[in-house]
There are 2 protein chains.
Amino acid sequence: MGRIIENLNLSEQVTNELGRAIVAGEYSCESGLPTEAQLCEEYGISRTAVREAVKMLAAKGLISSRPRQGISVEQPSNWNLYDTSVLKWLLSSSPSLYVLKEFLQMRLAIEPEAAALAAEFGRDEDIDQIGKAVEAMKAAANDPSGSMHDADLAFHTSILFASGNRFFSHLRDFISTALNVSIQHTTPAKANDLAVADDHAKIYTAIRNRQPERARNLMKYLIDEAKTFIELEIKKQG
Amino acid sequence: MGRIIENLNLSEQVTNELGRAIVAGEYSCESGLPTEAQLCEEYGISRTAVREAVKMLAAKGLISSRPRQGISVEQPSNWNLYDTSVLKWLLSSSPSLYVLKEFLQMRLAIEPEAAALAAEFGRDEDIDQIGKAVEAMKAAANDPSGSMHDADLAFHTSILFASGNRFFSHLRDFISTALNVSIQHTTPAKANDLAVADDHAKIYTAIRNRQPERARNLMKYLIDEAKTFIELEIKKQG
DNA sequence: AATAGACATATTGTAATATAATATGCTTTT
DNA sequence: AAAAGCATATTATATTACAATATGTCTATT
């Protein structure tokens, strides 16, 4: 109420708040959600706004509503995890180290294959974009004001795009989120930045030289390192 | 499995129709969509229903709407391809052989890794489910009345589930859709059914015996065969 | 003539209210 | 005790009204 965050209109705000609450487990599958009328009162808004929020959450697989029965929470296995909002709500509620491990397992499946596809089928102009990202990483490694993080993101998303496969490209938000979480758990060792940039450059070169197997293996190695690091962290904490 | 209530309410019907039209390219990014008022008139329904449909489509990343500007179509790269509805609309409009190739590239990334994860971390009771699917495949191979297709689906989804990773499990609808499209393009060679069932059984055995690398490779081989077949088909037609 | 500001206008955003459809449980009937 | 029917709670749909917000046009000032 008091604080105004947002470009978001009313129903989007309610969607956010309800989505967060559902993913955080504040409403269970059994208990369900309050009725529309109750939600109206709770938020002090009209039924129109509530219903629009309900429809949006239903579109993301989080809830379903039926007459006389009310609004029920869908099983988590039906939630659309590849929806950016759902992912955001999930990260804001789960202990992120475990989610991070799941992220890395997915990245290990996706990214080496994407690199191989980019090397095999990628269009030259799309591969140029990977090169630009590598240059930006090198620059950021030398210049502390440059954003290594942004360049890193650009590198990985440009490879997904260069794969020429829509289903890979579309995972850019997913991978970006995974990288963001990764960063939060990685001690910023600026000294390594140049070595990291070099690892990335090697992948670019393999793609540029149309060496799918080499690109795949280098990418696999890159992510495996991060995974090993995280598994150590989990062992420490748990 | 097939709990399907084809009983769509009004806003869901409109969502379907508009979603299909958008994905089919009947509304471009530039032209945008008709105004809410026009849609009301076109479909002969109230603004409530139209707005709810618009909100659902916006939640799936297909459109966005702003005051005074109207409803605009988002760039296809923003569409949530991992939404079951969006996938359905996509398949109903695209030449499916090409989409099928993209599907298979994704499956080649996901499923071998999922099989390896299942072998490494899968819970025994989840692996049992894979075994049951294999038995069902064998039974269907001998008994023509049995559904090979359903058993095949169950096999692949149970491996995703046994991976223990939510992001893999959630791709079950995606993989199912891919398999369905595959089936449509595969000549039903009932004679091979027993051999096919045997290939699947080997993967199950590898997972059961906790051999991640073997499981990965066998699965890779299985999908690669389908991919090779499809690439031949594409060469024939194009 | 150029530019800032005011204003008209079209379109979505929000609200309020009314009625219909639909399940669920209770009651009545057999 | 089982079946039929009714009451009721809840979402589904429709209608109307007004608010908020951009966009373009017109006006006034320089």
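Chain naming here is simple, since letters A, B, ... match the order of the sequence lines and numbering starts at 1 in each.
- Applying the ring-ring contact (aromatic ring centres under 6.0 Å, His included) rule to B:H200 yields the partners B:F155, B:H156; only residues at least two apart in sequence or on another chain are considered.
- A straight line from CZ of A:R66 to P of C:dA23 spans 6 Å, rounded to a whole angstrom.
- For the atom pair B:I110 CD1 and A:M106 CE, the distance stands at 4.0 Å (nearest 0.5 Å).
- Annotation: cation-pi geometry satisfied between A:K101 and B:F121 (NZ/CZ under 6.0 angstrom from ring centroid, within 45° of ring axis).
- Under the side-chain hydrogen bond (donor to acceptor under 3.5 Å, both in side chains) criterion, A:W79 pairs with no residue, sequence neighbours left out.
- Ionic pairing of B:D128 and B:R123 is not present here: no N-O contact between side-chain nitrogen and carboxylate oxygen is shorter than 4.0 angstrom.
- Residue A:S46 places at least one side-chain N or O under 4.0 Å from the OP1 or OP2 atom of C:dA15.
- Side chain of B:S96 to main chain of B:L91: no donor-acceptor pair is present (N/O by atom type, distance under 3.5 Å, no hydrogens or angles).
- Atom C1' of nucleotide C:dG25 and atom CD of A:Q69 are separated by 14 Å, given to the nearest angstrom.
- A donor-acceptor pair shorter than 3.5 Å can be found between the side chains of A:Q38 and A:T35.
- A donor-acceptor distance shorter than 3.5 angstrom exists from the side chain of B:E102 to the backbone of A:R166, with no hydrogens or angles considered.
- A nucleotide of DNA chain D counts as in contact with chain B when one of its atoms lies under 4.0 Å from a heavy atom; the first and last such, 5' to 3', are D:dA12 to D:dT23.
- A salt bridge links A:E17 to A:R20: at least one charged side-chain nitrogen sits closer than 4.0 Å to a carboxylate oxygen.
- Whole-Å rounding puts the B:E52 CD to C:dT14 P distance at 14 Å.
- A residue-by-residue look at A:P67 and B:R47 shows that B:R47 has its nearest nucleotide of DNA chain C further toward the 5' end.
- Remark: A:F103 engages A:F174, B:F167 in a ring-ring contact (aromatic ring centres under 6.0 Å, His included) (not counting sequence neighbours).
- Against DNA chain C, the stretch residues 57-65 of chain A makes no heavy-atom approach under 4.0 Å.
- Atom CZ of B:R68 and atom C1' of C:dT12 are 11 Å apart (whole Å).
- For B:G70 and A:A49, each mapped to the nucleotide of DNA chain C holding its nearest heavy atom, the one lying further toward the 5' end belongs to B:G70.
- Nearest heavy atom pair, residue B:I63 against residue B:V73, reads CG2-CA, 4.3 Å.
- With C:dT9, C:dT22, C:dA15 as the choices, the nucleotide that has an atom nearest any side-chain atom of A:T48 turns out to be C:dA15.
- Listed by residue number, the members of residues 27-43 of chain B with any heavy atom below 4.0 angstrom from DNA chain C are B:T35, B:E36.
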